[in-house]
Structures are given as C-alpha cells and as structure tokens.
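Single-structure report; data block below.
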Amino acid sequence: MAVVPDTASLFAERTRGDVGEGIASVLAFLGRSDLISFAGGFPDPLTFPRQRAATLLAEFAAADEVSAFQYAPTRGLGGTLDALASRIETLQGRRPADDELLIASGAIEALELVTKSFLDPGDVVVVEGPTYLGAIQAFRGFEADVVAVPMDDEGLEVDELERRLAAGLRPKLLYAIPDHQNPAGVSLTVERRRALVELAARYGFLVVEDVAYRELGFDAAALPSLWSLAPEVVVQIGTTSKTFFPGVRLGWAAAPASVSAQLVSAKQNTDQCAGALGQRLFEEYVRRGWIEDQLARSRELYRRKCERTLAALERHLGGARWTTPRGGFFTWVTLATDTTELARRAAESGVAIVPGSLFYPDGRGNDAVRLSFSMVDESLIDAGIERLAALL
Ligand SMILES: Cc1ncc(COP(=O)(O)O)c(C=O)c1O
C-alpha cells in the first residue's frame with residue numbers, strides 16, 4: 001500500500017516563520033460576500049476601464065501586433081518602460097535612467113525581488129508600525145527579523161528611529177509607505193522624509209519606498225517622493241493596481257543601477273518577465289492620457305467615500321479616535337476593545353473589518369481596526385458603521 005508522506009514535515013524551514021495568530025481564520029471569514037465590507041484594500045470596480053481596455057485589445061489584434069502577445073524582456077518592454085519613466089518624471093520630477101527602472105508583476109513581486117536580493121535569515125528590516133500585511137509576510141518569508149517603529153499622525157516617528165539606530169539597531173532595509181499609508185491612512189511630512197533618507201545614508205541601509213497610493217491624493221499635490229529626494233539610497237516600488245486595474249498585475253521598481261541589475265537577475269528565476277499584454281495596455285493607456293481621466297474620477301470617488309466614512313464615525317463612534325486620510329483607501333480607528341474579538345462579532349452582524357494586530361509583526365495593534373472605504377457600496381457606509389458602533 002502506498003505510504004502517504006507527511007508533506008508538512010518536508011516544507012522548507014522558512015515556511016515555519018510565525019505569520020501571526022489566526023490570520024488565515026480572520027481572512028477566511030472576511031471573504032464572505034454578504035458582508036458590508038470595510039476589509040479588503042481593493043479598488044472599486046466602478047473605476048475599471050472596461051471599454052478602453054477592450055478598444056486597445058481590438059486595436060492590437062487588428063494591427064497584427066506581436067509584442068502584446070509574446071514574452072517580454074525581463075526588465076520590461078522598451079515602450080512601456082519609456083512611458084512609465086516619462087510618467088514618473090512628470091509626477092516626481094526625476095526620470096529614472098534606463099538601467100534604473102524595471103517592470104514587475106505587481107508591487108508585491110517587486111517587493112519579493114528586493115527581499116530575495118537582500119535578505120539573509122536574521123537580517124533586520126524596519127517597518128512602520130502598523131504596516132502592510134503583505135510586506136510583513138514577504139520579509140518573514142525570507143526569515144528576516146521584522147522590527148516595527150511607531151507612527152503618529154505625521155507618519156513614521158523618524159526621531160524614534162534615530163534613537164534606535166543610535167542605540168545599535170542595524171537594519172538592512174527600511175520599508176515605508178509615505179503616502180496615504182496602508183493601513184494607517186496618514187502621510188509622512190516633508191521634514192521627516194528628508195530626515196529619513198539622511199539616516200539611510202548615515203547608517204547605510206536601503207529604504208524601500210512603496211508608493212501604492214501616492215497618485216490617489218484627494219486634493220493637494222503629492223509631497224516629494226523619498227526616491228526623488230535620495231535616489232542613491234531608495235528603491236521605489238509602485239503598482240498600477242489602484243490606478244489602472246489589478247487584473248493586469250503590473251508594477252515597477254526604480255532603484256540605483258546596481259540594485260536594479262540585481263532585481264532583474266532575481267526576476268529571471270521567478271516569472272522571467274511581467275505579462276506583455278498588461279504592459280502594452282498600460283503603455284497605450286498612459287500615452288493617450290486616459291490614465292489621467294481615470295485618476296480624476298477615482299480620486300473623486302474615494303474622497304467622497306472617505307468623507308462618508310468619517311462622517312459616519314463622527315455620528316456613531318464619538319468616543320473613538322481615527323486618522324483623517326488625505327488620499328488612499330484607509331482610516332485607522334483606535335478603540336478601547338479587543339478588536340480581534342470585535343471583528344468576529346462584526347462579521348456575525350454582517351460587517352467586515354480587519355483587526356489591527358494583523359498589521360504589526362509583534363502582536364500589537366489589538367486596540368485598533370483598519371477600515372477600508374475603497375470598495376464598500378457608498379449607500380451602505382452609514383449602516384455599516386452604525387452596526388459596528390452597536391457592538392461597542
Ligand atoms: C502598500 C501596498 N503595497 C503593495 C500592494 C500590492 O500591490 P500589487 O497589486 O501591485 O501587488 C498593496 C495592495 O494592497 C498595498 O496596499
């Protein structure tokens with residue numbers, strides 16, 4: 001008779017890292033489709049450019065185009081890289097050189113390439129506390145020691161980081177989301193941006209700047225990116241998921257040439273190249289200025305949803321504290337209760353929220369929740385917050 005192997009005992013050592021208690025169970029109940037969901041950080045399908053994507057696809061087919069349907073170079077298609085570099089130049093005031101930019105299959109792949117290229121087991125990575133769950137998992141996947149430095153309403157507490165560095169903390173990487181942060185919904189001030197890159201140069205670590213929500217500011221112009229301030233110590237990773245649509249899984253990394261070459265090398269043994277079809281769609285979409293139309297509508301939609309959410313919090317949850325986002329998808333609500341338990345009870349009441357502890361590498365955050373207003377139906381926002389308040 002065949003012996004059934006104990007496959008779990010064959011898993012690599014790195015898979016045994018602690019990814020936080022109960023993440024899987026929490027994510028499982030948050031997936032229910034009957035909930036008023038403030039859970040996922042997904043873009044609203046109302047923003048998807050269905051018609052324009054169909055137009056472009058028809059054009060590629062009619063023109064007998066090959067490149068959209070073929071494998072692409074590992075670094076990316078030349079035309080797409082050029083369109084992206086021009087766009088970055090317009091938005092950030094600095095154009096990445098040809099050997100500084102590469103296209104990835106989403107920001108999460110760009111992050112994976114960075115972690116794979118830099119992290120040995122036990123290396124220290126500093127993150128904002130709280131931070132993006134996918135980043136914690138990426139760093140843990142390479143057995144890094146993930147250390148959270150606190151944030152306040154002005155973003156990462158760079159003074160506190162400096163104190164810890166002076167006391168001997170020696171990270172290889174520091175991961176930050178300076179604009180409309182996931183999950184806290186706050187942005188890093190200009191003074192702190194300058195201080196942060198100065199610390200990176202002084203202490204010899206690399207800053208990984210995630211700009212996932214940078215283009216989704218509700219009104220004022222974006223603050224200078226860390227990469228534009230100090231391109232020699234920053235790897236910027238970006239995504240088209242929130243501005244175009246995530247179905248193409250398309251992102252980028254802009255980094256010093258030596259780092260960029262290493263990322264391209266790492267990409268050769270992941271997917272070898274990002275999908276050419278998505279690259280061509282995005283390139284044409286940018287060249288025709290269509291991305292600006294979509295962004296204008298998206299910003300307006302998310303601004304309205306954010307306002308509704310904050311107004312509902314004001315109405316129903318007067319005793320709590322929350323952040324006031326100026327862009328992006330999230331507000332971070334601090335409550336005097338165990339929010340893992342609250343999330344379970346909320347799901348029973350038909351509302352999905354994510355408990356704050358999922359966004360820390362060390363179990364903190366259980367007095368907070370992340371509310372994502374990006375995908376919830378506008379007309380249900382008030383009812384959702386009211387139900388949540390009734391549980392408190
Ligand atoms: C901060 C941040 N970075 C990266 C990603 C993932 O981006 P992508 O879809 O390009 O992998 C997300 C998505 O939720 C995010 O919130």
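Using a 4.0 Å cut-off between charged nitrogen and carboxylate oxygen, Arg192 and Asp152 count as a salt-bridge pair. Between Arg304 and Glu378 a salt bridge is recorded (basic side-chain N to carboxylate O distance below 4.0 Å). A salt bridge links Glu160 with Arg163; the closest basic N to acidic carboxylate O contact falls under 4.0 Å. Ion pairing of Arg202 with Glu162 is present here, as a side-chain N (NZ or NE/NH1/NH2) and a carboxylate O approach within less than 4.0 Å. A salt bridge links Glu284 with Arg280: at least one charged nitrogen is closer than 4.0 Å to a carboxylate oxygen.
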Lys172 and Asp120: salt bridge (Lys or Arg N to Asp or Glu O under 4.0 Å), yes or no, with the steps? CA-CA 10 Å; Lys172 252 190 191 175; Asp120 289 315; 3.7 Å; yes

Given Arg288 and Asp293, is the salt bridge (Lys or Arg N to Asp or Glu O under 4.0 Å) satisfied, shown in steps? CA-CA 10 Å; Arg288 295 174 197 205; Asp293 298 347; over 6 Å; no

Run the salt bridge (Lys or Arg N to Asp or Glu O under 4.0 Å) check on Glu348 and Arg344 step by step: do they pass? CA-CA 7 Å; Glu348 282 161 20; Arg344 277 182 215 290; over 6 Å; no

Does the pair Phe69 and Asp64 meet the rule for a side chain to side chain contact (heavy atoms under 4.5 Å, CB included), with working shown? CA-CA 10 Å; Phe69 300 93; Asp64 259 344; over 6 Å; no

Between Phe218 and Tyr302, does the side chain to side chain contact (heavy atoms under 4.5 Å, CB included) criterion hold? Intermediate values first, please. CA-CA 8 Å; Phe218 299 149; Tyr302 296 131; 3.9 Å; yes

Are Glu386 and Arg315 close enough, and set up right, to give a salt bridge (Lys or Arg N to Asp or Glu O under 4.0 Å), and what steps lead you there? CA-CA 8 Å; Glu386 192 175 0; Arg315 246 190 319 277; over 6 Å; no

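Transitive grouping of hydrophobic side chains (ILVMFWY, heavy atoms separated by less than 4.5 Å) brings Phe60 and Phe245 into a common cluster. Hydrophobic clustering (ILVMFWY, side-chain heavy atoms < 4.5 Å, transitive): Val146 and Val235 are in one cluster. Residues Val234 and Leu165 share a hydrophobic cluster, clusters being chains of Ile/Leu/Val/Met/Phe/Trp/Tyr side chains in contact below 4.5 Å. Put simply, Val233 and Ile177 are part of two different groups of oily side chains (I, L, V, M, F, W, Y) that touch within less than 4.5 Å, one to the next. Follow the hydrophobic side-chain contacts under 4.5 Å out from Phe48 and you reach Leu57 in the same cluster.
The main-chain N or O of Leu358 is never found under 3.5 Å from a side-chain atom of Arg370 such that the two would form a donor-acceptor pair. Side-chain atoms of Thr323 come within 3.5 Å of backbone atoms of Ala184 as a donor-acceptor pair (strictly under, hydrogens ignored). Under the 3.5 Å distance criterion, the side-chain polar atoms of Arg193 are matched with a main-chain donor or acceptor of Leu188. A donor-acceptor pair under 3.5 Å is formed between the side chain of Arg387 and the backbone N or O of Ser349. Between the Ser228 side chain and the Arg94 main chain, no donor and acceptor come within less than 3.5 Å of each other.
Side chains of Ser105 and Asp271: a donor-acceptor N/O pair is present below 3.5 angstrom, by distance only. A donor-acceptor pair shorter than 3.5 Å cannot be found between the side chains of Asn182 and Lys242. In the model, Ser187 has no side-chain atom that pairs as donor or acceptor with a side-chain atom of Gln181 under 3.5 Å. No side-chain donor-acceptor contact under 3.5 Å links Thr74 and Gln272. Judged purely by distance below 3.5 Å, without hydrogens or angles, the side chains of Thr243 and Thr240 never pair a donor atom with an acceptor atom. Side-chain contact annotation: Arg75 with Ser260, donor-acceptor N/O pair under 3.5 Å present. Inspection of the Glu300 and Ser298 side chains reveals no N or O donor paired with an N or O acceptor under 3.5 Å.
Of the residues Glu292, Arg52, Gln294, the one that meets the side chain to side chain donor-acceptor pair (under 3.5 Å) test with Tyr285 is Gln294. Of the candidates Trp252, Phe244, Trp290, Phe244 is the only one forming a ring-ring contact (aromatic ring centres under 6.0 Å, His included) with Phe282.
Counting all heavy atoms, side chain and backbone alike, Leu111 lies closest to Val208 at CD1-CG1, 4.0 Å. In plain terms, the two heavy atoms of Pro96 and Ile88 that are nearest each other are CD-CG2, 3.8 Å. The heavy-atom pair separating Ala320 from Thr334 by the smallest distance is CB-O, 3.6 Å.
Side chains of Pro224 and Val190 form a contact here, defined as non-hydrogen atoms less than 4.5 Å apart.
Distance check: Leu229 CG to Glu209 CD gives 8.5 Å after rounding to the nearest 0.5 Å.
Ring centroid separation for the pair Phe330 and Tyr213 comes in under the 6.0 Å cut-off.
When the ring-ring contact (aromatic ring centres under 6.0 Å, His included) test is applied to Phe38, no partner is found at least two apart in sequence or on another chain.
Ring orientation note: the planes of Tyr175 and Phe139 are nearly perpendicular, at an angle over 60° on the 30°/60° scale.
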